[in-house]
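In what follows, a single structure is set out as structure tokens and then discussed.
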Amino acid sequence: MAKNKKTDKLIYIGPNLSRGRLLQYQVFIGGLPEHLDAEFNEFPQLEKLFVSVEQLNRALEEVQQTGTPLNKYYKQAMEV
């Protein structure tokens, strides 16, 4: 079954960004939020912190496990 990009739901599992630019567990339908393109260009690791809703539980485990890529990206995003 092919997935339709227009209806894909992504959830952000990183830390809240200052000035309310991005909130943890915020859900986006249809791909990455375009209003954050500048942040994605400056800090590409932010894109890695968007996972499909179906992968949320596994991704949260990885964020908490030291040494995993998602853990590293989360720590880097805390500096954004």
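Keep in mind the model is a prediction, meaning the values are calculated, not measured.
- Between Leu49 and Ala77, the shortest heavy-atom distance links the atoms CD1-CB, 3.6 Å.
- Listed for the Gln26 side chain is a donor-acceptor partner under 3.5 Å among the backbone atoms of Leu23.
- Interatomic distance, Gln65 CD to Leu70 CG, rounded to the nearest 0.5 Å: 10.5 Å.
- Sorted by first then second residue, the side chain to side chain donor-acceptor pair (under 3.5 Å) pairs that include residues 39-48, not counting sequence neighbours, are Arg21-Glu39.
- Among residues two or more places apart in sequence or in another chain, the side chain to side chain donor-acceptor pair (under 3.5 Å) test is passed with Gln76 by none.
- Side-chain contact between Leu36 and Leu32 is absent, with no heavy-atom pair separated by less than 4.5 Å.
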Should Asp8 and Ile29 be marked as a side-chain contact (heavy atoms from CB on, under 4.5 Å) after you check the CA-CA gap, both sets of side-chain angles, and the distance that decides it? CA-CA 6 Å; Asp8 282 351; Ile29 299 172; over 6 Å; no
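- Using a 4.5 Å cut-off on side-chain heavy atoms (C-beta onward), Tyr12 and Leu46 make contact.
- Looking only at distances, a side-chain donor or acceptor of Thr68 sits under 3.5 Å from a matching main-chain atom of Glu62.
- Within the structure, salt bridge (charged side-chain N to carboxylate O under 4.0 Å, His left out) contacts touching residues 64-80 (residues at least two apart or in different chains) do not occur.
- Under the side-chain contact (heavy atoms from CB on, under 4.5 Å) criterion, Val51 pairs with Ile11, Ile13, Gln55, Ala59, sequence neighbours left out.
- In this structure, Asn16 and Gln24 have side chains that are in contact, with non-hydrogen atoms separated by less than 4.5 Å.
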Are Leu60 and Tyr25 close enough, and set up right, to give a side-chain contact (heavy atoms from CB on, under 4.5 Å), and what steps lead you there? CA-CA 11 Å; Leu60 288 176; Tyr25 306 125; 3.8 Å; yes
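- Taking Asp37 as the reference, Glu34, Phe40 meet the side-chain contact (heavy atoms from CB on, under 4.5 Å) condition, with sequence neighbours excluded.
- When the ring pair (Phe, Tyr, Trp, His ring centres under 6.0 Å) test is applied to Phe28, the partners found at least two apart in sequence or on another chain are Phe50.
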